[in-house]
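Since the structure comes first, as structure tokens, the remarks are kept for the end.
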Amino acid sequence: MQQVNVGIVGLGNVGLGALTILAENADQIALKLGFRLNVAAICSRNVESKTLPPSLGPVLKTNHWRDVVCHSEVDIVAELVGGTVVAKEIIDAATVARKSVVTANKELMALCGCEIWERAIQAGINLAMEASVCGGIPIHAVLREGISGDRVTALFGILNGTSNYILTEIERRGGSFESILNEAQKLGYAEADPSADVDGFDARSKLAILAALAFGEKITPSDIYTEGIRRIMPVDFQYAHQLSHTIRLICAARQTPSGLILSVRPALLPQSTILAGVQGAYNAVWVRGMYGEDTFYYGRGAGSSPTGVAVVSDLMRVAREIRAGSPERVSPFAHERLGEYQPIPITLQKSAYYLRFRVEDRPGIIARLATVLASKHISIDSVLQIQTENWRDLPFVITVEPTTEESIREAIAEMAAHDYLVEPPLAMPMEKPL
Ligand SMILES: NC(=O)c1ccc[n+]([C@@H]2O[C@H](COP(=O)([O-])OP(=O)(O)OC[C@H]3O[C@@H](n4cnc5c(N)ncnc54)[C@H](OP(=O)(O)O)[C@@H]3O)[C@@H](O)[C@H]2O)c1
């Protein structure tokens, strides 16, 4: 059977990972497909400096991505450059040239996936983006195929490996956020500019894509309430453990009777919950369906080889389709807002909360905080205080019974003006066991 030809643009972590698998695993891939998946062209800004897999056959090497997109033999273009500018130009040009596209680009697909898919369908080409969320976990295939017969009611994920690594190291060793971040940067687990990871924006792009797939709703990243992990201290884990919980950066999409509530934020999770066991740079997604109930997916969220597998598997899926003829394509992104799943403000969410205060110790503090909570009709569940020497910066915790995010925000805003506080109170929702 005739081979299908691939052109790869971008030979960084993901591009070289995919290329290595395509070269080293070529015979087994051909056996699985019934035809060969051949790499015809590769492109990178500094292609001449790249160490290529020895088993790679003859291939066009270029610094100009248009050489790949316009190559007469290339059937599928893999966009593995990243960012939203050049990557979009590559995908647009491939679409115009009627070449199918595989991409790992979460940022671009979260921002304009809907429009990109629409153009791909009009051009009669296929588009695959498995590697864009949770590198090594085939979560797109799960939501688009595996459990597509179900009606998803909630999705929770740990979608950013860097944040999870930092949180689990603070938990394990008790170091400060800054010192663990510093180490992670030296080890190459965190970028020099860590903001996308630790402030939640990378996870937000991923949740925007997963929520669109799970609920068929048009989600824009700004629909998602986002808060990072910079304020988490070792003492928060000590208090969380006293409450039989841990802390993770949780990406949540939950259906409520009034609409969909979306958030990326640090939250307390019961230690008995399967997501609480996700350590280090691993990712996980937990999905609840109306019919099939709970399913859980776990694996490496990034890295050259796990993400490379996702890219190669997408190339195989698209190549099969090119060989077998195209089924009718349906975009995974919705084109309009659907009433029942329409995003609604986070302020409507109801949850128990963990409130952590750092205070200069003096009499009457608890009474003043309790007065504010009572004025918002918030009931205290427990007060926790670990003994410390430093009376000028004493951390303690109040947990409260389920209330709305709006009431908590009002209470926090009022408390923040109290002069004994070292910093504004930190509020985190306490998730129920999943
Ligand atoms: N890293 C992961 O584990 C991971 C996981 C999931 C998804 N992703 C996504 O995968 C994509 C790639 O990530 P990455 O980590 O592989 O990035 P990376 O290591 O920075 O690699 C990007 C590559 O693109 C090339 N490039 C940049 N601009 C170019 C241009 N104008 N023309 C041709 N080549 C160009 C670079 O060339 P030179 O090297 O020659 O300068 C580099 O090889 C991103 O969308 C990312 O979000 C990454």
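The structure presented is a predicted model; accordingly, all values stated were derived computationally and were not measured. The basis for the numbers below is simple: all heavy atoms, side chains too, and nothing from hydrogens, waters or symmetry mates. When a residue number appears, it is its place in the shown sequence, counting from 1. Indexing begins at 1, ligand by ligand and atom by atom, following the structure's order.
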Side chains of Glu107 and Asn105: any donor to acceptor distance under 3.5 Å? no

Aromatic Phe177 / basic Arg231 pairing, under 6.0 angstrom, 45° off normal: no

Who are the side-chain contact (heavy atoms from CB on, under 4.5 Å) partners of Arg172, not counting sequence neighbours? Glu169

Would you check if there is a donor-acceptor pair between the side chains of His241 and Glu171 at a distance under 3.5 Å? yes

Considering residues at least two apart in sequence or located in another chain, which fulfil the side-chain contact (heavy atoms from CB on, under 4.5 Å) criterion with Lys350? Thr404

Applying side-chain contact (heavy atoms from CB on, under 4.5 Å) to Glu405 and not counting sequence neighbours gives Arg265, Ile346, Tyr353, Arg409

Under a strict 4.0 Å criterion on non-hydrogen atoms, which protein residues are in contact with ligand 1? Gly10, Leu11, Gly12, Asn13, Val14, Cys43, Ser44, Arg45, Asn46, Lys50, Leu80, Val81, Gly82, Val86, Ala104, Asn105, Lys106, Ala131, Ala302, Gly303, Thr307

